[in-house]
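Each ligand, and each atom within it, is numbered from 1 in the order the structure gives.
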Amino acid sequence: MTAFHAHFQPTREAALALDASDELAPYRDQFCLPQTQGQPVVYLCGHSLGLQPKTVREYIDEELQDWAALGVEGHFHARRPWLSYHEILTAQTARLAGAKPAEVVVMNSLTVNMHLMLVSFYRPTPERFKILIEADAFPSDRYAAESHLRWHGYDPQDALLTLQPRPGEAAVRQEDIAAFLHREGETIALVWLGGVNYYTGQVFDMAEITAIGHAQGCVVGFDLAHAAGNIILQLHDWDVDCAVWCSYKYLNAGPGAAAGCFVHERYAQRPDLPRLAGWWGHNKDTRFQMPAGFDPIPGAEGWQISNPPIFQLAALKASMDIFDRAGMMRLRAKSERLTGYLEYLLRDRALPGVSLITPDDPAQRGAQLSLQIKQHGCALHQRLAEAHIICDWREPDVIRVAPVPLYNTFLDVLTFVNALDTAHREVLVSS
Ligand SMILES: Cc1ncc(COP(=O)(O)O)c(C=O)c1O
C-alpha cells in the first residue's frame with residue numbers, strides 16, 4: 001500500500017464518510033442512473049458509454065420546438081441558431097482539450113475525424129513513411145492507419161510499427177517509447193497513440209512523446225477517446241500536431257455523439273495542406289455565395305465537411321455545461337481519490353488470479369482500472385452483471401471498471417469490490 005492509500009478503510013462507514021465529504025457528490029443527481037430488473041445498478045462503465053445528464057432532454061427539446069416553430073428559419077432564429085451552433089461549444093471544448101479556441105472543433109465521429117487528420121497529417125516520403133501505433137491500439141485506429149498506408153501504396157506489414165510492452169508487462173514503459181522513437185524515428189511519418197490506452201487504462205506522457213517525436217521529425221497525433229473528460233489535457237502546450245476524441249464516454253453526450261478534433265494553431269493558415277473538403281469548412285463570409293473555389297476557415301473549423309447534427313450538439317452542450325460547473329481540476333482530483341479507493345480495496349482483498357494491469361502511479365492512469373482475470377473471467381463478469389454491477393469485459397481476459405467522478409460514489413466502488421469478491425468465490429467453487 002502507498003501513502004496515497006493510508007486514509008482509506010474497507011468498510012461501508014468509511015465509504016459513506018468519503019461520500020459525505022465529497023463536494024462533487026451532488027452532481028450524481030444530475031444523471032439518469034440505469035436500472036436492471038427494477039434494481040438500480042452500480043454503473044462503472046463511463047469509459048464505454050457515459051450516463052445521460054437529466055438536462056439533455058430539455059436541451060434537445062428546445063431544438064425540436066424551434067424546428068417545429070421555425071422550420072428553416074431555425075438556422076438563424078433558433079434560441080441557439082443552428083448555423084453557428086457548433087461555435088457555442090468552442091470555448092468549452094478548448095478548455096477541456098487545453099487548446100486555443102481556433103484549435104478545436106466538434107464534428108463527425110471519432111474514426112471519421114481520425115481519417116480527416118491522417119489525410120492531412122500522414123504525408124509519407126520514400127524515406128519516411130511508417131506509422132507507429134500501440135500494439136493493443138483500439139482496432140478502429142489500426143484499421144484506419146492500415147487503410148491510409150494502403151491508400152499510399154504501402155504494405156502495413158512493413159509500414160505499420162507497433163509499440164510492445166516488455167514480456168510479462170501490460171503497460172508500455174515511457175523509456176521504451178523514447179528508445180523506440182530514437183531508434184526508428186527517422187522512418188516514422190506519423191506517431192499515433194491513444195492518450196489513454198483503451199485496454200490497460202495507461203496514460204501516456206503526451207508532452208514527452210510529442211517532443212521526442214518532433215525531434216525525430218515525426219508528426220504526432222493522439223486518439224483521446226479515453227482521455228477527454230477523464231484527465232487534464234494541455235494539447236496546445238504539449239505541442240501536439242492533431243488529436244481526435246469521441247464524446248460518448250466520459251463526456252456523456254450519448255451514443256454516437258458528435259466528436260472532437262484538435263489541430264495545432266501552426267496549421268491554422270495552411271490551406272495548402274491536403275484535406276477532404278466540404279462546404280462547412282469554407283470561409284463563413286462567402287459560404288452562402290456558393291463560390292467555386294474552396295477557401296478553408298483558418299484553424300480546426302476548416303476541417304469541417306458537413307453541417308453538424310444539431311440534436312447531438314444539443315446533448316453535448318448539456319453535458320459540457322455540467323463539466324463547466326464541476327470543473328475539470330476538481331473532477332480529476334476526485335477521480336484520483338475514487339480510483340485510488342478502488343485500487344486500495346482490490347489490493348486489500350488480494351483475490352487470487354485477479355491482477356491489475358493499469359499502472360499504480362495515478363499520473364499514469366485515468367478513472368479506469370483494468371483487472372486481468374486468469375481464469376473464468378467471462379463467467380465472473382456475468383456474475384457481476386447478475387448482481388446489477390455494470391462494467392465491461394474485453395477479450396481475452398480483462399474486466400474494465402471506471403468509477404466516474406461526476407456520478408459515481410465511494411460506496412459504488414466498495415459495492416463493486418464486495419460483489420467481485422462474492423462472484424469470485426462462487427465462480428471458483430462452481431468450476
Ligand atoms: C480508443 C478508441 N478509438 C476509437 C474508437 C472508435 O470510435 P468511433 O466508433 O466513435 O469512431 C473507440 C470506441 O470505443 C475507442 O475506444
### Query
Does the side chain of N197 pick up a donor-acceptor pair with the side chain of Q202 at under 3.5 Å?
no
- is_close_aromatic(F121, Y267), centroid dist under 6.0 Å: yes
T409 meets the side-chain hydrogen bond (donor to acceptor under 3.5 Å, both in side chains) criterion, sequence neighbours left out, with D412
**Asked** Do R400 side-chain atoms and C45 backbone N/O form a donor-acceptor pair below 3.5 Å?
**Response** no
Could you check whether E23 pairs with K334 (Lys NZ or Arg NE/NH1/NH2 to Asp/Glu carboxylate O, under 4.0 Å)? no
Sorted by chain and residue number, the residues with a non-hydrogen atom under 4.0 Å of ligand 1 are L110, T111, F138, D141, D223, A225, H226, Y248, K249
Only residue of T358, L369, V404 satisfying side-chain contact (heavy atoms from CB on, under 4.5 Å) with T339 is L369
